[in-house]
Number of protein chains: 2
Amino acid sequence: MAIASNAPVIILVHPQLGENIGAVARAMANFGFKELRLVAPRDGWPNEKARHMASGAENIIDAAKLFPDFNAAMSDIHIAYATTARPRDMEKRTVTPDEAMRELQRDKNIAFVFGPERTGLENDHIVMCDALITIPTAPEKTSLNLAQSMVVVGYEWWKQGSEVRGQGSEKKNIPEPRPPNPAPPAPKAHWNALFDQIDTYLEETDYYRVDHKKEVMWQNMRNMFLRGNWSEQEIRTFRGMLRILYEGRKPRKNASAS
Amino acid sequence: MAIASNAPVIILVHPQLGENIGAVARAMANFGFKELRLVAPRDGWPNEKARHMASGAENIIDAAKLFPDFNAAMSDIHIAYATTARPRDMEKRTVTPDEAMRELQRDKNIAFVFGPERTGLENDHIVMCDALITIPTAPEKTSLNLAQSMVVVGYEWWKQGSEVRGQGSEKKNIPEPRPPNPAPPAPKAHWNALFDQIDTYLEETDYYRVDHKKEVMWQNMRNMFLRGNWSEQEIRTFRGMLRILYEGRKPRKNASAS
């Protein structure tokens, strides 16, 4: 069986509630997954509740493949990850979601396998998987529901994918030193004009009162404005605002007399 | 108000369904979050459905703090992240969940802010936040529900926390993504007081003239000031300066224009 896309296959083993199947399909769509396989869902298939809950991801529900047993669903899979806590009596390699995504080989058929809502995967399922994905959680509350687990796994897959695609993997590790301002920052001449204006106003209003403090205060104030990395337009806006506050708005030429 | 733990505060603005509040509380518990703040939940508070859905996280529901409006919920927050898509008409720094977690300063009061289920955050909320968190998704289906967004944000927070716990030295090399300000940034209550003051002055001087432009202009202006990441002292200085410009320290010669 050929796998439709390069996204991993999602296998739900004995899922119980149709609503949960639908919610998984939605989370799959959120993160670019295409193929859903269902192993003997408890309430049969198709399932209207699943389709309803999937809103926006009905195509995934409609194309879902039904399998009578786990091994049939796994037959063309090269590498499978079981999403579950490790059973006490079995040794399996355990990875976090991001570790799993980093080791994926794109030319293989990959599956992420999820167990039934209440009981999780059985040892017979887990043993067939190559590794376990464990989502790190607070030790006091470890249970995530089915769709939430899919969200985390899907999110990590999509994230790694975008890093591979080159959407800013480089940028990612180098935070911007200044807050980005889409408009280019104003040249210093605009800042100086702003500062001249403020300086004039402050002198006229006797703002400083105490002369010997002026130098430090003025320095701090300019730093504080400069830190905002304003564009020319922003400086213009601010200058206009200050002028109106200081002088008062001039009467409108043609104020509507109504 | 003191924040109970070093985990960021979760603020839900006008949440609609109790079930979703409960699901958020559960996801909070999964990833070690403690403090939930609710801004005017649609169906009132307390809410039995929220408590029921929270199973295992009832303590978070019982301790949730109720606020009449957004600014009250934000008053002691130093740095807030809005979880939302960027509005078309506003420029804000946008980060992915993992970028956000890497830049968190553990000694500040941090909030992650979520909007109502159907409509998301309004621009007036977004403008008060320091950055947007956008969860990368497939472009064909971008909507995650409230609890799922909380799962992703919570997962990244918990993950980064365990990385820091594991390999603390690495974190030190990550440069500060915000503009350097030796003084700690002011909590939002100070910004709100500044904005109220400016808003009053601008109304009194008929600054906008054209009513329909006011919203966007006011948004841009607040963003432009917030970008400077001012301390309490700096906001105080600026407010004093504005007051003196507006009222005049010395009697003004012939004030008014109207």
Side-chain angles (χ1 to χ4, degrees), chain A residues 26-27 29-32 56-57 96-98 135-138 140-144 147-148 151-152 155 158-159 162 172 174-183 198 201-202 204-207 209 217 220-221 224-225 227-230 234 237-238 241-242 244-252, chain B residues 26-27 29-32 56-57 91 93 96 98-99 102-103 135-138 140-144 147-148 151-152 155 158-159 162 174-179 181 198 201-202 205-207 209 217 220-221 224-225 227-230 234 237-238 241-242 244-246 248-250 255-258:
Chain A
R26 267 183 46 189
N30 285 133
F31 300 110
T96 60
D98 60 329
I135 296 171
T137 59
E140 307 81 38
K141 183 152 181 65
T142 60
S143 65
L144 288 168
Q148 288 175 337
V151 163
V152 171
Y155 162 77
W158 182 259
K159 200 172 92 171
S162 49
K172 238 183 184 90
I174 308 166
E176 302 256 355
R178 298 167 73 88
N181 184 349
I198 296 176
Y201 290 169
L202 296 185
E204 285 177 8
T205 51
D206 189 23
Y207 173 78
R209 289 181 190 247
M217 287 173 75
N220 291 344
M221 214 183 292
M224 149 187 161
F225 291 126
R227 224 186 296 131
N229 196 25
W230 294 345
E234 287 171 330
T237 299
F238 186 52
M241 184 192 111
L242 289 178
I244 285 167
L245 291 193
Y246 188 63
E247 299 176 0
R249 169 75 83 182
K250 301 257 164 42
R252 294 184 200 200
Chain B
R26 267 183 45 190
N30 284 134
F31 299 110
E91 283 305 332
R93 199 165 63 90
T96 59
D98 60 329
E99 287 167 344
R102 256 179 272 158
E103 69 186 34
I135 296 172
T137 59
E140 307 81 36
K141 181 148 182 69
T142 60
S143 66
L144 287 168
Q148 288 175 338
V151 163
V152 171
Y155 163 76
W158 183 260
K159 198 172 93 171
S162 44
I174 297 167
E176 188 76 38
R178 299 170 67 88
N181 183 352
I198 297 177
Y201 290 169
L202 296 184
T205 51
D206 189 23
Y207 172 78
R209 288 181 191 253
M217 287 173 73
N220 291 343
M221 213 182 293
M224 151 187 158
F225 291 127
R227 225 187 293 131
N229 195 25
W230 294 345
E234 287 171 329
T237 299
F238 187 52
M241 182 192 113
L242 290 178
I244 285 167
L245 292 193
Y246 187 63
R249 164 114 49 199
K250 293 187 279 195
S256 134
S258 64

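Side chains are part of it too, since the values below use all heavy atoms of this structure and drop only hydrogens, waters and symmetry mates. The shown structure was predicted, so the numbers you read here are calculated from the model rather than taken from an experiment. Just so it is clear: chains get the letters A, B, ... in the order the sequence lines come, proteins before strands, and each one is counted from 1.
Heavy-atom distances place the backbone of B/Thr142, and not its side chain, under 4.5 Å from chain A. Looking at B/Met217, there are no atoms closer than 4.5 Å to chain A (heavy atoms on both sides), in backbone or side chain.
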Item to check | Full working for side chain to side chain contact (heavy atoms under 4.5 Å, CB included) between A/Val151 and B/Val152 | outcome: CA-CA 7 Å; A/Val151 163; B/Val152 171; 3.4 Å; yes
Item to check | A/Thr96 vs B/Lys159, side chain to side chain contact (heavy atoms under 4.5 Å, CB included): CA-CA, chis, key distance, verdict | outcome: CA-CA 10 Å; A/Thr96 60; B/Lys159 198 172 93 171; over 6 Å; no
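Heavy-atom minimum distance, B/Asp98 versus A/Tyr155: N-OH, 4.0 Å. The nearest pair of heavy atoms linking B/Met224 to A/Trp230 is O-NE1, 2.9 Å. Nearest heavy-atom pair, B/Tyr207 versus A/Met241, reported as atom, atom and distance to 0.1 Å: CE1-CA, 3.7 Å. Considering every non-hydrogen atom in both B/Lys141 and A/Ala29, the closest pair reads CD-CB, 3.4 Å. A pairwise comparison of heavy atoms in B/Pro136 and A/Trp158 identifies O-CD1, 3.4 Å as the closest pair.
How far OH of B/Tyr246 is from CD of A/Glu247: 13.5 Å, rounded to the nearest 0.5 Å. Annotation: the span from B/Ile135 atom CD1 to A/Phe31 atom CZ amounts to 6.5 Å, rounded to 0.5 Å. Interatomic distance, CG of A/Leu245 versus CG of B/Leu202, reported as 6.0 Å (0.5 Å rounding). Between the CD atom of A/Gln148 and the CZ atom of B/Arg26 there is a distance of 6.0 Å, given to the nearest 0.5 Å.
Most heavy-atom pairs under 4.5 Å with chain B: of the set A/Ala147, A/Ala27, A/Pro97, this distinction falls to A/Pro97.
A donor-acceptor pair under 3.5 Å is absent between the side-chain atoms of B/Asn30 and the main chain of A/Ala138, judged by distance alone.
Aromatic ring pairs are classed by plane angle as parallel below 30°, tilted from 30° to 60° and perpendicular above 60°; the pair A/Phe238 and B/Phe238 is tilted.
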